[in-house]
Asker: 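What follows is a structure written as structure tokens; I'll ask about it next.
In what follows, chains are A, B, ... by sequence order, proteins preceding strands, each numbered from 1.
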Amino acid sequence: MRYLLVLITVLIVSCSDSSQETKDFSVNEKKEYIKSKDFNENKNVYFGDLHVHTKHSFDAFIFGTTNTPDDAYKYAKGGTIQHPLGFDMKLRQPLDFYAVTDHGFFMGMMPAWADPNSKPGQHPYVKTLHNVNRKENLTVESSPERLYYFRELIRSGAFAELGSIFSIIKAYLTNNNSFAVDVFDYDTHKSAWSDVANAAERHYEPGKFTTFIAYEFTASTEGMGNLHRNVIFGSSKAPIRPYSRIDSLNPEDLWNTMDKWRENGIDSIAIPHNSNGSNGRMFEIHQANGAPMDTQYLNQRIRNEPIVEITQVKGTSETHPLLSPNDEWADFEIMSTRVGSVPPTYSRPDGSYVRDALKKGLMLEQFFGGNPYNFGFIGSSDTHTGASSFDESNYFSKVGILDGTPVGRGSIPIPQEQLDFINNLPDEQSDVYNYVDYDGQKYMRAGFDEWGASGIAAVWAEENTREAIFSAFKRKETYATSGNRILLRFFGGFDLGDIDLNSSNLISELYERSVPMGGNIINSNNSIPNFIIWTKKGINGAHLQRVQIVKGWIDDRSAEPFEKVYDVACSDGQEVDQVTQRCPDNGARVNISDCSISADVGDKELKTFWSDPDFDPDLKAFYYVRVLENPTCRWSTWDALRAGTNPRKDLKPTIQERAWSSPIWYIP
Amino acid sequence: MKKKIFILLGVFIGFLALFYGINISQKTSIYVSGSEIKNLINIWEDQTGRPPTNKEIDMIIKNLVNEEILYQEALKLGLNKNDKIIKRRLIQKLEFYKESENLNKVKEENIIEYYNENINSYILNKRYSFKHIFFSDPKNNYENIKLILLGTENNSNNEIGEPFIHGDSFIEKDKAAIDSDFGSGFSENIINLEKNTWQGPFKSIYGDHLIYLFDVFPEEIISFEDAKQSVVVNYNDEIKSKVMNNYIYSIIDKYDVIIGEYK
């Protein structure tokens with residue numbers, strides 16, 4: 001009888017759902033809350049990065065990164081850390097908040113597999129990885145070997161091969177599929193997750209620097225359609241392990257898990273990213289199983305995903321020239337392929353870009369009574385070196401050894417010596433590491449040339465604390481920039497025409513009488529909505545060229561979606577042409593031979609009142625702001641300039657850095 | 001006494017052996033540790049889902065012995081020399097050993113000692129509280145404006161100047177924070193200002209500013225309690241980067257370092 005009781009107890013304990021076991025990762029005693037010195041009811045702007053990988057991510061490690069979460073936070077606070085190729089990385093300006101978001105699946109396993117003395121390192125699948133990041137192997141020449149290992153690891157089925165029957169039963173009883181995977185070691189995994197969470201706690205300095213416990217849920221569709229999300233926790237409490245793609249490839253299961261965490265007092269949000277590489281799967285008009293959306297789905301999605309990442313190194317996901325043919329600025333840092341596809345495979349734009357999703361959201365609301373795409377915007381980097389790379393003139397991209405040099409990222413021709421090396425690679429490595437001819441020169445063909453030095457998450461919050469910033473994420477009082485620290489305020493409401501834009505009480509008055517970015521305005525006697533936009537250049541950015549409003553709406557009967565881009569403020573005192581809705585050319589130019597830009601052209605600040613000239617009170621609509629700087633050299637041009645070569649003709653020599661506000665929705 | 005006799009006898013035989021080249025024993029002991037065998041048995045179980053049979057255990061041990069014999073032979077032939085992988089692996093092991101040896105030693109007194117040694121890193125910089133009035137376009141009547149403002153702290157009716165996106169009042173900002181909002185070098189204008197009077201204009205990257213400095217907070221040391229979290233982080237970081245350098249420094253005298261010709 002006693003043995004039976006013990007057995008039952010063991011079974012009950014064993015059956016607990018490990019994804020729901022939680023822990024407080026605090027490393028310090030909780031102190032009494034004291035309002036920060038710069039607490040501001042009218043809110044301050046804070047800049048950060050919510051997408052950062054370190055050595056605990058399988059791909060970051062295989063591409064040479066040995067930086068830890070501690071190193072990443074040190075970098076964000078203004079410190080210097082090393083790139084895998086040995087050079088120093090330091091931000092021009094420290095950030096205000098940062099989140100290390102290592103891949104949840106196999107978190108921490110790669111360093112263990114690479115250690116020949118560790119238990120996980122004994123598995124036959126991983127022996128080729130032994131000592132891959134020994135110091136003398138952190139070289140550009142190791143790139144093909146790394147790429148080959150990476151592909152083979154994915155192809156070999158190592159991630160899917162099941163272990164013993166006991167491990168499968170254990171996986172079943174604990175609702176933890178990782179146990180069933182043969183190459184997996186739970187202790188290693190949990191220890192890496194603890195390192196991620198504890199580092200976030202160690203580096204959190206309320207009032208000064210905010211961190212978040214976070215990880216990446218790296219799901220994808222069968223055809224490599226990207227469904228990645230970053231899961232950000234709102235406090236020091238989090239599960240004892242990340243709920244990852246090994247648990248499920250369906251984001252709906254992630255939301256169910258997040259809802260359960262929330263019921264147990266642990267709040268989190270998921271931030272979709274790289275929708276551009278999703279092949280149309282990120283923003284669909286039906287559920288993952290093909291069923292029509294229902295109220296439960298609509299509400300659950302927006303409850304868990306209030307903001308999306310509109311821009312990052314792997315391209316910008318605002319819109320695509322095929323989706324927005326009348327938007328002359330729609331071709332900004334477009335990545336045309338699916339994330340991680342080998343060979344690089346085209347990603348279908350429809351369903352892959354956020355402006356398109358905002359329009360679909362209005363349509364879904366019309367049919368099903370809820371809008372799953374009622375989201376705000378942030379930018380982040382997705383760096384895989386622990387260090388964000390925002391600066392066009394000092395860009396080191398994101399995947400370590402592979403794209404840490406201009407040759408590696410395809411911006412300058414391959415030198416003969418390196419070409420000979422590539423030509424002599426074994427077939428299996430030259431399959432993944434090869435070059436292409438452009439204009440009589442040979443360049444690396446890796447797709448890194450489509451990537452950009454982007455982006456930053458900006459929030460308006462009362463103070464620099466986890467609570468205040470997390471709350472800003474949830475109410476979508478956020479915006480994104482492509483790397484510079486443009487300042488941007490955006491408010492919407494009715495009857496705002498009498499507001500004095502030069503009043504120093506402007507912001508408090510706007511908070512009283514209107515809603516900030518991320519909010520909804522509801523029909524008020526069919527009045528025309530008014531908007532106030534105030535933007536300033538960042539201290540290291542170029543002057544501002546123009547401010548635009550992007551409007552999307554749907555027909556109230558057919559639900560057909562439309563969009564229009566209005567210039568609403570022009571630099572240099574110029575007026576918007578009322579017919580074309582465009583500012584005249586302000587004459588700003590870039591000298592490609594030295595990357596110098598026109599002096600004294602453009603504005604340091606633009607502030608305007610705008611009223612929708614095409615407003616129809618019966619039509620659901622959204623409005624968001626896009627601010628454009630004067631053109632400056634793209635990173636690839638800077639690379640060529642420093643190397644003394646000509647910029648590649650098929651790459652854009654310049655870009656216009658920009659900021660995107662979260663939308664304000666009009667509800668009829 | 002007997003022990004000493006045996007030792008002397010041993011030394012004597014050793015000398016004879018050395019001198020006459022007597023081959024006392026060619027055998028080298030091979031020791032396979034029990035914990036290593038247990039570890040391999042565990043891995044076997046994890047891999048196959050069952051414990052190994054006695055025959056399989058014999059095979060595991062035989063493999064270990066064979067491995068060790070081959071290793072010893074390789075050492076005798078000097079195959080370990082100039083092998084970069086072996087060299088790197090040994091260094092890595094030593095690094096882990098030295099790091100963990102020191103990390104295990106982290107105690108409150110170590111942290112306090114580190115804090116005291118690096119007290120300059122735990123100083124709250126001099127801070128300034130000020131108000132400003134912003135002009136995006138330069139004006140030519142700043143002296144008149146200052147006269148209007150004379151004796152007042154507030155531009156209360158906000159009739160003068162324009163709003164600034166970061167606000168018009170800044171509390172306890174150090175130089176870096178000021179430069180981050182106004183542009184590099186702007187803080188230099190503020191640090192020597194007289195208090196409680198409107199002064200300027202001073203140029204930022206955005207335009208002109210009249211400044212009213214109303215409080216200055218001197219540099220102050222952050223108490224150990226308040227700084228402790230950062231001290232621990234910095235201490236561990238320091239250990240990681242310095243411990244090996246210190247270790248090498250402490251033993252380098254034992255070596256004659258000769259660099260071969262390579263140019």
Asker: What residues form a side chain to side chain contact (heavy atoms under 4.5 Å, CB included) with B/Asp137, not counting sequence neighbours?
Answerer: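 With neighbours one apart ignored, the set is B/Lys139.
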Asker: Enter the distance from A/Phe209:CZ to B/Ser230:OG here, rounded to the nearest 0.5 Å.
Answerer: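 It is 11.0 Å, given to the nearest 0.5 Å.
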Asker: Answer with side chain, backbone, both or neither: which region of B/Phe134 has an atom nearer than 4.5 Å to a non-hydrogen atom of chain A?
Answerer: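 Contact with chain A is through the side chain of B/Phe134 alone.
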Asker: Working to the nearest 0.5 angstrom, can you tell me the gap between A/His543 NE2 and B/Ile205 CD1?
Answerer: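 If I round to the nearest 0.5 Å, the distance is 8.5 Å.
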Asker: Does B/Tyr206 reach the main-chain N or O of A/Lys536 with its side chain, forming a donor-acceptor pair under 3.5 Å?
Answerer: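 Between the backbone of A/Lys536 and the side chain of B/Tyr206 there is no qualifying donor-acceptor contact (under 3.5 Å).
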Asker: Are more than 12 heavy atoms, taken from residues, nucleotides or ligands other than B/Asn141, located less than 6.0 Å from that residue's CG atom?
Answerer: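 Yes - once you tally the heavy atoms of other residues, nucleotides and ligands closer than 6.0 Å, there are more than 12.
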Asker: Which heavy atom of B/Pro163 sits nearest to which heavy atom of A/Leu501, and what is that distance?
Answerer: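 The pair with the smallest heavy-atom distance is CG-O, 3.5 Å.
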Asker: Can you say whether A/Leu487 sits under 4.5 Å from chain B via the side chain, the backbone, both, or neither, judging by heavy atoms?
Answerer: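 Both the backbone and the side chain of A/Leu487 come within 4.5 Å of chain B.
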Asker: Answer with side chain, backbone, both or neither: which region of B/Lys173 has an atom nearer than 4.5 Å to a non-hydrogen atom of chain A?
Answerer: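 For B/Lys173, the side chain is the part near chain A, not the backbone.
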Asker: Which atoms of B/Asn234 are under 4.5 Å from chain A, going by heavy atoms: the side chain, the backbone, both sets, or neither?
Answerer: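 When you check distances to chain A, no heavy atom of B/Asn234 falls under 4.5 Å.
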Asker: A/Asn44 versus chain B, heavy atoms under 4.5 Å apart: side chain, backbone, both or neither?
Answerer: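 Neither the backbone nor the side chain of A/Asn44 comes within 4.5 Å of chain B.
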Asker: By a 4.5 Å heavy-atom criterion (distance strictly below it), what part of B/Ser169 contacts chain A: side chain, backbone, both, or neither?
Answerer: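 Nothing of B/Ser169, per the 4.5 Å heavy-atom cut-off to chain A.
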Asker: Are there more than 12 heavy atoms of other residues, nucleotides or ligands under 6.0 Å from atom CD of B/Glu117?
Answerer: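 Counting other residues, nucleotides and ligands, CD of B/Glu117 exceeds 12 neighbours.
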Asker: Would you please test B/Ile165 and A/Lys607 for side-chain contact (heavy atoms from CB on, under 4.5 Å) and show each step?
Answerer: CA-CA 10 Å; B/Ile165 204 160; A/Lys607 188 160 42 173; over 6 Å; no
Asker: Need one label for A/Val27: side chain, backbone, both or neither, based on atoms under 4.5 Å from any heavy atom in chain B.
Answerer: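 Neither part.
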Asker: Could you name the residues of residues 74-82 of chain A that have a heavy atom within less than 4.5 Å of a heavy atom in chain B?
Answerer: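 Contacts with chain B: A/Lys74.
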Asker: Would you mind reporting whether A/Lys604 and B/Ser136 have side-chain heavy atoms less than 4.5 Å apart?
Answerer: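 In short, these two side chains do not touch, never coming nearer than 4.5 Å.
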Asker: Does NZ belonging to B/Lys195 count more than 12 external heavy atoms closer than 6.0 Å?
Answerer: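 Correct, the count exceeds 12.
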Asker: Is A/Tyr511 atom OH crowded by more than 12 heavy atoms from other residues, nucleotides or ligands, each under 6.0 Å away?
Answerer: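 Check passes, neighbour count above 12.
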Asker: Just wondering, more than 12 heavy atoms not from A/Phe166 lying within 6.0 Å of its CZ?
Answerer: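 Not more than 12 within 6.0 Å, no.
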Asker: Just to verify, what does B/Phe217 make a ring-ring contact (aromatic ring centres under 6.0 Å, His included) with, not counting sequence neighbours?
Answerer: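 Partners of B/Phe217 under the ring-ring contact (aromatic ring centres under 6.0 Å, His included) test: none.
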Asker: Quick check: are there more than 12 heavy atoms from other residues, nucleotides or ligands sitting under 6.0 Å from NZ of B/Lys146?
Answerer: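 Counting neighbours around NZ of B/Lys146, more than 12 heavy atoms of other residues, nucleotides or ligands fall under 6.0 Å, so yes.
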Asker: Which residues, numbered in order, of residues 199-206 of chain A come under 4.5 angstrom of chain B by heavy-atom distance?
Answerer: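 Only A/Glu201, A/Arg202, A/His203, A/Tyr204, A/Glu205 of residues 199-206 of chain A have a heavy atom under 4.5 Å from chain B.
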Asker: Who wins among B/Ile171, B/Val233, B/Val232 for the most heavy-atom pairs under 4.5 Å with chain A?
Answerer: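 Looking at each option in turn, the highest pair count goes to B/Val233.
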Asker: Can you find a heavy atom in the side chain of A/Asp38 that is under 4.5 Å from one in the side chain of B/Glu172?
Answerer: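 The answer is no; the side chains never approach within 4.5 Å.
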Asker: Please classify the contact between A/Asp500 and chain B as side chain, backbone, both or neither, with a heavy-atom cut-off of under 4.5 Å.
Answerer: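 Answer is neither: A/Asp500 stays 4.5 Å or more from chain B.
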